[in-house]
Each structure stands twice: as structure tokens, then as C-alpha cells.
2 protein chains.
Amino acid sequence: MYSKEELSAIIEEYIHALPFPEEPDTLYEPIVYSLSKGGKRLRPLLAMMACNIFSDDVACALPCAAAVEVFHNFTLLHDDIMDNAAVRRGKPAVHRKWGVNSAILSGDAMMIYSYRLLEQADPAILPRIFRIFNDTSLKVCEGQQYDMDFEALERVPMEDYLHMISLKTAVLLAGAAVIGAVCGGASQEDCDRIYTFATELGMAFQIRDDILDSYGTQDSLGKKIGGDITEGKKTFLTTAAMEIADEDTRRKLGGLMHNREMIADEKVARVLAIYDSLGVREQAETAVERYTARATEALAALSVSGGRREPMERLALELTKRLS
Amino acid sequence: MYSKEELSAIIEEYIHALPFPEEPDTLYEPIVYSLSKGGKRLRPLLAMMACNIFSDDVACALPCAAAVEVFHNFTLLHDDIMDNAAVRRGKPAVHRKWGVNSAILSGDAMMIYSYRLLEQADPAILPRIFRIFNDTSLKVCEGQQYDMDFEALERVPMEDYLHMISLKTAVLLAGAAVIGAVCGGASQEDCDRIYTFATELGMAFQIRDDILDSYGTQDSLGKKIGGDITEGKKTFLTTAAMEIADEDTRRKLGGLMHNREMIADEKVARVLAIYDSLGVREQAETAVERYTARATEALAALSVSGGRREPMERLALELTKRLS
């Protein structure tokens, strides 16, 4: 079996070597730029590792793994326009560097390019992979739409928040993993287990993200703590806080989240004080543990030997316990 | 064989009945709205008619024909954002009705939905259709990028203008037709002929569009004449005029095209006077005839009886001689 580092290197090399047309450069430069900014490459890694559980030949999963990564980066590109985000992975967002129109169109081309990569799937499994990919992609759009819709709401029920992150984050991790499993020749039952595994992992991953944004350290994250609070974004922490706070605290928190005048550090400190008083960090940690447990349970049910599951188990623990 | 009217009715009914999820309505309502605004349905019609040349069973081509139409309407949706167009087919553009962010995201979902429809293609031909669809879609994006790039240029060589419209318009007509032909079981040779036919037809179609925008009548077009001139858009007419005009006329025309202060009617009248003095309308008519001749020639080379080619021949003549 391949180590995580070996698979990461294979993915990085493949993505780096993707053949984009040279013209029109105004269309393809932003795409190459987006893909060269790195990131965790978590989704293709999940695809490759899932494939490797069932097969020693992982090369067949590579174009599909890259397709998911290109699709993911396309969503970031368009999301950054919608959120008017200035920076992505420490560099100017595409719409800031090339303008909104170029960002829209390059994003569109990027999505089509992700489908281009799927063409390389074995024709025998293409219809199945194509269906999973479409299903996944559409759900990611639904998740982004709910996320935007929620911005206008004072508070969101926890159930709706969890549904939103399952669509926006977990589903794509699950899609990536199950596409990898299909490439590796997994049975339908094992594909279902991989899907459950990666969905639950995705939930834990996103809630860990929410925790780190408020409780991480700038050193390990590489960005300022409290970005979500500063921007008034809905996270697991705000959602939980709004659910358990009394009327008075709820009003105070709502006012803080919408306050665009207060100095960022003070706003973050005050919101964190409310979180601490309500114990929402602990609630979030408990949720991460619960989702992680469900993920590892699904993984344990796979019809393969323990040794083949082991790298994926380790990745899951790394991701849910991570500091950055 | 089916008549054009019968095929149009089948397409309209199918598109009308497309099952979109209900939630989130903010995502799917703009899509349903876009698709309900009608239009010529030219691309699915080409797909269905191309299929019908080779097969009496046209139902198999229907989802693919609809996929091309959904994709086309997605491009219009995103193009309207980029062009800041207020109206599409007599109704407010999606970004004006729901805002830019919704328009970006609904467009994205619409593109994915077009791929969803392709899932229904016979697995035996799916890889081939998928490749044609991706190739076509990416070229349409390239065409739109060139179109945007050209806006910043004073003049564009005719060769570049023709390349741009081949990508932006002709390639999608060709993609639609050849996908239909593949569904109908056409040989590779006949697919190539259909591709040539629809590409040449697409060129003639687009140049006819350019002519009508300047020389049509408001009654038959249903919109004000001279929209391209008012907006300073590059068309076959401006491109030809810039190529053959002397230095003085070129400067005058360039100045007029960029003039945003002049009353629209006066601007249109002055530009038309220049066109007339240069004979660019005649040049455009000659180009339409040349492309149409090449299209019908490719059609005549198909390995089918004359009777099976006949409805497509009639459509081609209708499109290139049309008044609206």
C-alpha cells in the first residue's frame, strides 16, 4: 500500500502537470493560478486512499481524484466572488486579481475541465462515477445556497446548520472517497460504508474547522484567529450558542455578530467570552468525537483486512484532531 | 420522420417537465425561470433532427438534446452577468431579479444539471457523447473569453472575429447536432459531415444575427434595431467596416462606437450610413451565402437518402434567410 505522503506526491505531480490550453490565456491563467496555490489536497487524497484500500493499482483513480480537486477549487473561486473574499490561501483571490467577469468565466471553464478529467475513467465504471460526481456537485451548490440564505437569518436551527455543512463540505469528501472506492473495484456494500465514513468524517472535519477558527493559534493556522466571528459568519459555535443562550445573551450575541464598527479583536474577545460562558466549545468537541466515532465505525465494517484500513483510519484521526 | 414542429413540441414538453428539486428554491427558481422563457430551442432541435436523419427512434436523443439546451441557457445566464444585460427574451435577466450571487450559483447548478441529463445516454455511447459535450462546452467558454477580450481592442482582424464566433456560437450548434447523430447511430464519417454542416450553419446563423440587429425590423425582431451599435459591440459588420475603411472613416466609426453620450437613434443612423458607404451589409450577405453553401454541401454528402436530409436542409435555409 501507498503511504499518505506517497499519494500526496503523486497527486501534486499530476495536478501540476495538467495540460491546459495556452489560449486564451485570460481564461486559463486564473485556473492554473487557482490550482497552484496548494491547499490540503484532501479530496483527491481521500479518493486515492479509498481506491488503495481495495486495489494496489491506484493510477486508475488519479484522473477522477484530480477531477474532484479541480471541482473543489472551482467552488472556492466562485465562492470567493460571492463572499467578496480578498484572499485565498495567502494570495489575492482570482476576482481581485483578474476581475469578477474573468473569475466567473474561468470558474465555469474549470468546472468543465473537471468533467474533462472524468473522461479518462474506465468506460465500464464511467456511468457510475459520472452519476456520483453530478449528484455530489449539485449538492455542493445547494449547500452554498443554504449558506448564503442563512446570512439573512438572525438564527438558524442546529439541524439546518448541520444539513448545510453536510451538503457544502461532507458530501464532496464522501463523493471523492466513494469515486476512489469504485475505481478500486469495491463492492456496493463497501462503497456505501466508504460513503458513510467520509460523510461523518466531513462533518467532524467542518466542525473542527469552526473550532479552530475561534480557538486555534495564529502560528499553526497561518491566519488570524476569529475570522468567522469578525465576518459574522454562522458556524457550529454561533448556532449552538444561539440555541442554548437565554433571551438576553442571544440578543447580545446577535448584536455583536452584526456589529461592523467594533474593533475586530474586541469583537472576537467578547464573542469568545459568551461562547465560554455557554460551553459551546465543549459541545463542538463532543460533536467532533461523535462524528469521528461514527466514521471509524463505518470504516471498521469494511470487508477488508485491518491492515488495508489502517492508513485511512490514521488520516481520519489526523483530520479530526488537527491543529491547523 | 418527424416534422420540425413535432420535434419542437416534444422538446418543449420535455424541458417543461424537467424534474428540479424544490429546495433550496432560491437555487432552483432562477433555473426554472431561465428555461421557461422559451427562445428558439434551436440546439435541441438540431440534435433531434440530426438523430432523426439516421434513426426513427428519436426519444433516445431527448435527454442529450435537453442537456445542450440547459447548457446554452446557463451560458446566457452567466453572459448576462458579465455583459450587465438587464433583459433576456423580454423579461428581467436573472441577476437583475435575484442578484448577482444567486445568478452565479444558479448558473453553476444549471451547468451541472445539464450533465445530469447526459447520464441518461445509453452507456455504450456515453463516453463518446461526454467527450463531445466537454469539448464543446470548453470551447464556448473560450469564445466568450475572446469576446470579452475583444471589447478592450479598437479593432479586431476578421480572422479573429470569425474564430471567436465559431467558438461562441457555431461549436455548440455543431456539438448539439453531432450528439444527436451519435444517438441516431450515425457512422464516424457521417458524424464528421454533420459536424461540418452545423459549424458552417452556425457561422451563417451568427452573421445573419449580426445583420438583423442592424438591418432587421423592430416588428419582426421584437426588439429595437441597432442594439449592437448602441452598445458598441463588435460584430461582423463593424469588423468588416474597420478592415476596409480608410484611416479617416475608421477613426470616425471608432469614435462613434465608443460614444456613450450620443442619442441612440442618431448613433445608429450614423453608423449605418458608414456601413452603407462601405458596402459591409453586402459583404455580410455574401459570407452568409458562402457558409450556407458549405453547410448544405456537407449535408448532401451524408450516406442517407435525399428524403432523410430534407427537413434539415429546410431548417438550414430557414435559419440563414430568416427575418427574426
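These figures come from a predicted structure and were not determined experimentally. Chain identifiers are assigned alphabetically (A, B, ...) following the order of the sequence lines, protein sequences preceding nucleic acid strands; residue numbering begins at 1 within each chain.
Contacts with chain A (heavy atom to heavy atom, under 4.5 Å) involve no residue of residues 164-179 of chain B. Close approach to chain A, defined as a heavy atom under 4.5 Å from one of its heavy atoms, is seen in B:E23, B:P24, B:T26, B:L27, B:Y28 of residues 22-34 of chain B, taken by number.
For chain A, no part of B:D79 is nearby; none of its heavy atoms comes within less than 4.5 Å. Interface residue A:D149: only side-chain heavy atoms are found under 4.5 Å from chain B. Residue contact with chain B, scored on non-hydrogen atoms closer than 4.5 Å, involves the side chain of A:F74 exclusively.
Between B:N101 and A:M82, the shortest heavy-atom contact is ND2-O, 3.0 Å. Closest approach of B:P21 to A:E142, counting heavy atoms only: CG-OE2, 4.1 Å. In terms of heavy atoms, B:Y115 sits closest to A:I112 at OH-CG2, 3.7 Å. Nearest heavy-atom pair across A:R116 and B:R131 is NH2-O, 4.1 Å.
Considering OG of B:S102 and CE of A:M148, their distance stands at 5.0 Å, rounded to 0.5 Å. Taking CD from A:E119 and CD1 from B:I132, the interatomic distance works out to 10.0 Å, rounded to the nearest 0.5 Å.
Taking the six-membered ring for Trp and thresholds of 30 and 60 degrees, A:F130 and B:F130 have ring planes inclined between 30 and 60 degrees apart.
By number of non-hydrogen pairs under 4.5 angstrom with chain A, the leading residue of B:P123, B:G107, B:C141 is B:C141.
A side chain to side chain contact (heavy atoms under 4.5 Å, CB included) with B:I81 is found for one member of A:I104, A:L105, A:I81, A:V100 and no other, namely A:I104.
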Exercise for the section: Check the pair B:T75, A:D108 against side chain to side chain contact (heavy atoms under 4.5 Å, CB included), reporting the backbone distance first and the verdict last. Expected result: CA-CA 9 Å; B:T75 65; A:D108 293 344; over 6 Å; no
